[in-house]
Amino acid sequence: MQSNGTAAGARSLTAWPGGTAIARYGIAIAAVIAAFVLRLVMVPFLGDQAPYLFFLPALLLAAGIGGFGPGILATIVSMPLVYALVAHSGAVGWPEILNGAVFALIGLGATWIGERLRRARERAATREAHLQSIIDTVPEATIVISDRGLIQSFSAAAERMFGYTAAEAIGRNVAFLMPSPYREEHDSYIRRYIETGERRIIGGNRMVAARRKDGSTFPIELAVGEVWLGRQRFFTGFVRDLTERQETEARLQALQSELVHVSRLTAMGEMASAIAHEINQPLSAVTNYLNGCRRLLAGEERLGTVRKALDSASEQALRAGQIIRRMRDFVSRGESERRIESLARLVQEAAALALVGAAEKGVRVSFDFDPQVDLVVADKVQVQQVLVNLIRNAIEAMEDSERRELRIGAHLDDGMIAVEVDDTGAGISEDIAQRLFQPFATTKANGMGVGLSISRTIVEAHGGQIEARPHAGGGTTFRFTLPAASRDALAGG
Ligand code: ADP
């Protein structure tokens, strides 16, 4: 994508090349020679005035860049050259010798200071390289901006994430990494923070959109920290690309909804024969009533009875239609859709479906609804799926029991609605008690073991909880909660 060398060079703010020893000593000698040549050129104007003065910048340069060794070398090389200049003009007396000695001392002093400067610079460069290597290994993109929004540093991860090299990014306003409308507003965000000190994003995490070099936008999580260096304020942004996470979440969600759907189909498959039987009943009743009508019509004086029989026939046909409709709703895929629903109606419909065939198995069913329980916010089909799972499990658990009593109840509990399904079955088998709600935990020969795990997913997605506990009179109670929706809240909006 880009050459790492230039990128690293551009990223670092004050990195100093350091230089090889040859270059450092070479610079020292070159600086001294340049000073000598310049001073020679000046002889017609200056005569023998201030012969040392031109060498001082050369000494400072040699020591400043090269440190101790080059500083000493420059001082030593300068001495005979200065002497040559002075000797050239004739007189070499005590004043010149004294001047030479002072020059040598100044040279040593400059060398000492230069060496210290060089070490400090090297330490700073090492620290910076270290810091940069840390920044570059942080998986989040790290971007430092000034209080005017200008990018100061742009990490390797930022280069990969945004597609710009550090060289392209540094110095530009960070807003260019954002799509509209953040792009236009970012400067005013910073200004407002600086003026009011009111923190909106600093110190916290936020999901926002960002923009790559190719113009595509992507979701990011942004954390911003503030740092003062001297009197200058900087902001450091840590950027995490959420694209992958969101894609994974979407995939998981799709998978889960598929599983929820498949489990409904399985439940229905298991119930299909019972349902066929159940539908057969109203249909044969319809046939019987209609046959009766035909016979009755032979003696037309009993028209009133005929009308009654026809009414019963259409009632039975409606019943068969309802069973089919509920089945179709229940099995249909549909998006998850939460609405305000009457819990009583939701439970009754689910029970009508799940209890198909229960009477033949000798199961007595009772409903125990607290009249205060009213509305819930729920995806009706999904909550019905939970109820169908629990009721079918309860019926199956009672197959070998003498007492077969199923109670479905609902009451208010701490702002939530608690729904309970009790049975007088064998109770939860010990092998499975710990893994009850885990997928594929089953004790049944033909069981899939997904019903309870799906039920838990559905209940938790609704903000509730599901649990199982032994029932006082033997058997098991499954209890789940859903958030209650009050009529007042409804009226309010
Ligand atoms: P499956 O019914 O396919 O086995 P579930 O997840 O619905 O899958 O149930 C898992 C297991 O939990 C069942 O196999 C059974 O052992 C146990 N179980 C569920 N409900 C009850 C109940 N009401 N009484 C006793 N055991 C139950």
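First listed ligand is number 1; within each ligand, the first listed atom is number 1.
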Handout entry: Cationic N near anionic O, under 4.0 Å, Arg345 to Glu349
Key = no
Practice task
Report yes or no: is the cationic atom of Arg211 (NZ for Lys, CZ for Arg) closer than 6.0 Å to the six-membered ring centre of Phe162, at no more than 45° off its axis?
Solution key: no
Practice task
Output every pair passing salt bridge (charged side-chain N to carboxylate O under 4.0 Å, His left out) with a member in residues 411-429, not counting sequence neighbours, ordered by first then second residue.
Solution key: Arg407-Glu420, Arg407-Asp422, Asp413-Arg479, Glu420-Arg469, Glu420-Arg479
Completion exercise
The protein residues that pass the under-4.0 Å heavy-atom test against ligand 1 are Asn393, Ala394, Ala397, Asp423, Gly427, Ile428, Ile432, Leu436, Ala441, Thr442, Thr443, Lys444, Gly447, Met448, Gly449, Val450, Gly451, Leu452, Thr476, Phe478
Exercise for the section: Can you measure from OG1 (Thr142) to CE (Met161) and round to the nearest 0.5 angstrom? Expected result: 8.5 Å
Exercise for the section: Identify, with sequence neighbours excluded, every residue that meets side chain to side chain contact (heavy atoms under 4.5 Å, CB included) alongside Arg364. Expected result: Glu405
Practice task
Could you tell me which residues satisfy side chain to side chain contact (heavy atoms under 4.5 Å, CB included) with Glu168, sequence neighbours excluded, listed by chain and number?
Solution key: Tyr164, Thr165, Lys213
